[in-house]
Amino acid sequence: MSQLRTDLSTNIKTISSRKKVVMKNIAGFLFISPWLIGFIGFVIGPMIASFYLSFTSYDMLTSAKWVGLKNYISMFTDDPRFWKALIVTLKFVVIAVPLKLAFALFVAMLFNTSHKGQGLYSTIYYVPSILGGSVAVAVMWRLLFGRDGAVNAMLEGVGLGIITTDWINSPDYALSVIILLIVWQFGAPMLIFLAGLKNIPKELYEAAAVDGAGFISRFIKITIPMLTPVIFFNLVMQTIHGFMIFTQGYLITGGGPLDETLFFSLYLYESAFEYFKMGYASAMAWIMLLIIAFFTAVIFKTSKSWVYYESEGGR
Amino acid sequence: MMRKYLVLFTVLLSITFLVIGCSTEEESSSNQDNTDDQIELTIAWWGTSVHHEKYLDVIELFEEKNPNVKIVPQYSGWNGYWEKLATQAAGSNLPDVIQMDYSRLNEYVSRDLIKDLGKYQDEGILNLEDVSELYIDSGSINDKLYAIALGTNSSVLAYDPAMFEEAGVEPLEPGYTWDEYVETARELKDKLGDETYVNIMDGLGDGFIHYLRQHGQWLYNDENTEIGFDKQMLVDYLNIFEPLREEGVVPTPEMVAAAAKGNEHRLIIDGESPTELITSSQVSFVRELTGRPIELTTLPDLPGGEKGHFIKPSLSFSVTTHATDETEKLAAEFIDFFTTSKEANDILLGIRGTPIFPEMQEYLYPKLDEGTQKVFDYITLLEEEYARELYPVPPAGQGEIDSLYDRLMEQYRYGNISAEELADQFVSDANEILVEASE
C-alpha cells in the first residue's frame, strides 16, 4: 500500500514537474514572442515566398505564373545590366571595404592613447556611422559634390578651378563619391579596432622597443598580427554590408550615370518596383544571397592561414 | 496559481493585440456601418502638398453635403504611389477611387482592376454630353469608359522672354519649324555666352513622339506587340540636333543628368537655358520656381506634315473593381462633384490643368491669374489649330521602355554610341520588353 502510494506520489511529482517545465518554457516563448512573431512573419515567411516567387513571373496585379528556371537563366544569358550591376557592386566592395578598414584602423590608432577626452573623441568620430545610412547625409553628399557644391567651391578657392566637375553626374567619378561616403562611415569598425588595440599587451611593444624596433616594424610585426582576429571580423561584416549597399546609391546617384553606380540591390529594386518584375527581382535576391555566402565562405576558408589566435597558441 | 493566471493573461493579451493589429480597419468600419449607417469611401491620389490641401478641402465639402459619407483619403507623392497601389491590388484591398495616369490605364484595365463607368453616364450621374470626344476617348478602352479626366495636359515649350530679349533674338511664335528651332538655339547660345546653353527636345515621351506623329507614325504596332516605327526616323530625329551637339550649344551630359534628378533642377529655373520642354500642368510650378515671367509656345511644326500635338488627360479618377455596388455609385457621384461642381472648381482653380467640361472652363477663366490663363489659352490654341487625336493607350511595358530610352540616350550624350547604334539597340530591346509584357 505504501509502495503504491510512493509510486503515485512520484508519478504526480514528475507530471507536475514536467508541467512546470512546459509552463516555464511557455513563459519564455511568450517573452520572446514579439521577436518570434516578427521573425516568422517578416523574415521566414517572406523568404519562403520570395523563393517561390523566384520561379514565377509576377507583377503584383495578376497572380504569379510558374515559369521554372526562366528568371535565373535569362539573368545570366540575356541581361547585360545584371552583369553590369554585378561588376559595379564587386568593384565597390573590393575598393571600399579595404579602404574603410584601413581608415578605421588609422583613426583607431590615433585614439589608442591615454589622453584625456579620448572617449569623447571616439564618440564624436562614431557619429557619421550612425548618420551614414540616413537620407539627410545622402542629400548632403549630393549637395557637397554637385556642380555648384561646396567641394567645387573649395577647389576654386584654392585655385584648382580647372579640375572642378559635376562629381555625381560624371561616369568617371560617381562611384568614387559613394565610396568616399562609405569610407567616412568608419565608426563601427573603428571602435572594434580600438578595443582590439587595447587588448594587445604593452610588454610586446616595450620588448620590441628595447630591441630597437621602429614604429613601422612594430606595426607590421606586432600590431597587425595581434589584430588579425579583429580584422577578420571587420572584414566579414563590412563585406556583407558592402554587398547590400542601397540607400546611398538610390539617393545620391540613382544608379547613374551610364549605370556606373548601378548596385545590385539598386537594380533589384528597380526590377521589382519600377518594372514590377517581382519574380525576376526575387531570383536576383537569391543570387545575391549566394554571392554573399560565397565571399563570406572564401574569407572564412582563407582565415586559417592569416588569422592568429593567441588563445590557440598561435596556430 | 498566481503564475498560471499571469501566463494565461499574457497569452490572451498577446492574442488580442494580434487580432486588433490585423483587423483595426475592418472593425472600425463595420462598427460605423452598424451605428450611423455611414458609408466609407476610400480615395487615393498622388500630388504635392498644394494638391493635397485642395483635395482635402473638396472632400470636406463633399462630406458636408453628404453627411452619411465618410471619405478616407490616401495621398502621397508620385514616388511610391504605384508601388503602394500594386501592393494593395495584390492584397485585394485597393481604394474605391484611384487617381489614374494615362500610361497605366491599360495595365489596370487589362487586369480587371478598373470598373466601366458607362452605367453612370447612362444614369446621368456623370454627364459628359458637352465634353469633347477627344477627352472621352482618352479615358476609354474598347468603348468602355474607365477614367474621367480631372484636367488636360499637353507638351509645351516654355521660354524665358527676358533672355530672348537680352540676346536680341525673336521669340518662337507657334508654327515655327524644326530648322528654325535649331537656328534660334544657335543664335541664343552665340549671344548669351559660355554659362548658358539651349535645351533641345530629345526625350522619347515628348519630342520624339511629336516628330513621329508629324510623320504619321506611332511607336508601336496596333497590337502593342512590337515597335511600329521606321528605325531611320529615330536616327533622323537625333540628327536634327547633331550640329548643335557638335557646336556645344546643347547642355553637357552632366548637366542633363543633374537636371533629370527632379523638376526643381530644370535648367530654365537657374537661367541656364532659355527654353525648356515641359507639360502644361508643370507651367505654374516652373514659373513659381524661376520667379520670372514665362511664355508658352508650341513644339516645332513640320511643313507639309501631320499635326504632332495632342492633348491628354493630365490625370483621371478611376473606380476600382474592389468598390462595392454601394461605394461604386457614391464614387461616381464624388467624381462628378469633383469635376463639375462650381464649389469644387472654386477650390481647385484648375490645379490639374484645364477642365474637360467647357462650362467649367468658362466659369474658371476669369478667376485665374495671368499665368494660368496663359495655359488655358495655350490649350485652346492647340484644340483649335495644332492638336489631333491622342495616341493609343501605351502598352504595359511602357515604364521599362521609357527608362531604356533614357539609358541609351545617356550613352549617346556621353558619346559612347552613335545615333544608329542607339536606334538599333532601342528597337531590339524594346521589342523584347513588349513581348515579355504581352505574355
Side-chain angles (χ1 to χ4, degrees), chain A residues 19-20 22-27 29-31 33-34 36-37 41 57-65 67 70 74 78-81 84 142 146-149 165-174 251-260 262 269-278 280, chain B residues 3-4 6-11 13-15 17-18 21 79-80 82-91 94 104 107-108 110-113 252-262 265 270 272 396-404 406-407 410-411 413-414 416 429 432-433 436-437 439:
Chain A
K19 231 180 175 178
K20 249 185 197 159
V22 171
M23 288 303 264
K24 250 189 192 162
N25 285 347
I26 283 182
F29 277 118
L30 281 176
F31 274 117
S33 66
L36 206 61
I37 292 167
S57 157
Y58 180 46
D59 63 4
M60 289 177 92
L61 296 181
T62 33
S63 50
K65 256 183 305 187
V67 294
K70 187 176 161 251
S74 70
D78 199 25
D79 187 357
R81 293 190 84 207
K84 177 82 188 175
R142 209 163 67 189
R147 193 157 55 99
D148 304 319
T165 174
D166 189 340
W167 303 97
I168 286 168
N169 292 305
S170 145
D172 299 332
Y173 300 110
L251 289 168
I252 299 175
T253 57
L258 297 180
D259 285 348
E260 282 303 326
L262 185 74
Y269 175 85
E270 207 176 282
S271 305
F273 291 105
E274 281 177 32
Y275 312 147
F276 294 102
K277 298 201 283 194
M278 291 294 159
Y280 193 73
Chain B
R3 185 189 267 167
K4 210 175 191 175
L6 208 67
V7 169
L8 198 70
F9 176 72
T10 329
V11 173
L13 203 69
S14 49
I15 289 172
F17 276 132
L18 254 179
N79 284 339
W82 297 104
E83 282 95 315
K84 188 168 180 204
L85 280 194
T87 322
Q88 288 177 325
L94 272 178
R104 311 276 173 152
E107 217 165 326
Y108 275 72
S110 69
R111 272 145 204 171
D112 258 343
L113 293 166
T252 64
E254 284 87 0
M255 288 174 80
V256 177
K261 293 253 151 68
H265 300 294
D270 294 326
E272 288 166 319
Q398 185 62 47
E400 210 176 339
I401 291 177
D402 281 338
S403 71
L404 165 71
D406 288 345
R407 274 202 316 277
E410 199 170 38
Q411 299 259 15
R413 273 190 219 110
Y414 280 100
N416 292 358
D429 286 5
E432 251 174 61
I433 294 171
E436 215 174 291
E439 262 168 17

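Naming convention: chains lettered A, B, ... in sequence-line order (proteins, then strands); numbering from 1 in each chain.
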For A86(B) and F276(A), work out which heavy atoms get closest and say how close.
CB-CE2, 3.6 Å
Which portion of L262(A) sits near chain B, non-hydrogen atoms under 4.5 angstrom:
neither
Select one option (side chain, backbone, both, neither) describing which atoms of S110(B) are under 4.5 Å from chain A's heavy atoms.
neither
Any idea which of E270(A), K277(A), R142(A) has the most non-hydrogen atom pairs under 4.5 angstrom with chain B?
K277(A)
Taking atom CD of E400(B) and atom CD of E274(A), what is their separation to the nearest 0.5 Å?
10.0 Å
Contacting region of S271(A) [heavy-atom separation from chain B under 4.5 Å]
neither
Which distance, rounded to the nearest 0.5 Å, do you find between the OH of Y275(A) and the CD of E436(B)?
12.0 Å
For the CG atom of D59(A) and the CZ atom of R111(B), what is their distance to the nearest 0.5 Å?
4.0 Å
If one checks every heavy atom of D112(B) against chain A at 4.5 Å, the contacting part turns out to be neither
Let me know if E432(B) has heavy atoms under 4.5 Å from chain A in its side chain, its backbone, both or neither.
side chain
Minimum-distance pair of heavy atoms, taken over all atoms of E410(B) and L258(A)
OE1-N, 3.0 Å
Straight-line distance of E254(B) CD to D172(A) CG, nearest 0.5 Å
8.5 Å
Euclidean distance, L404(B) CG relative to R81(A) CZ, rounded to 0.5 Å:
8.5 Å
Partner chain A: residue of A89(B), A257(B), G399(B) with the largest heavy-atom pair count (under 4.5 Å):
A257(B)
From the list Q88(B), Q411(B), E107(B), the residue making the most non-hydrogen contacts under 4.5 Å with chain A is Q411(B)
Atom OH of Y414(B): over 12 foreign heavy atoms under 6.0 Å
yes
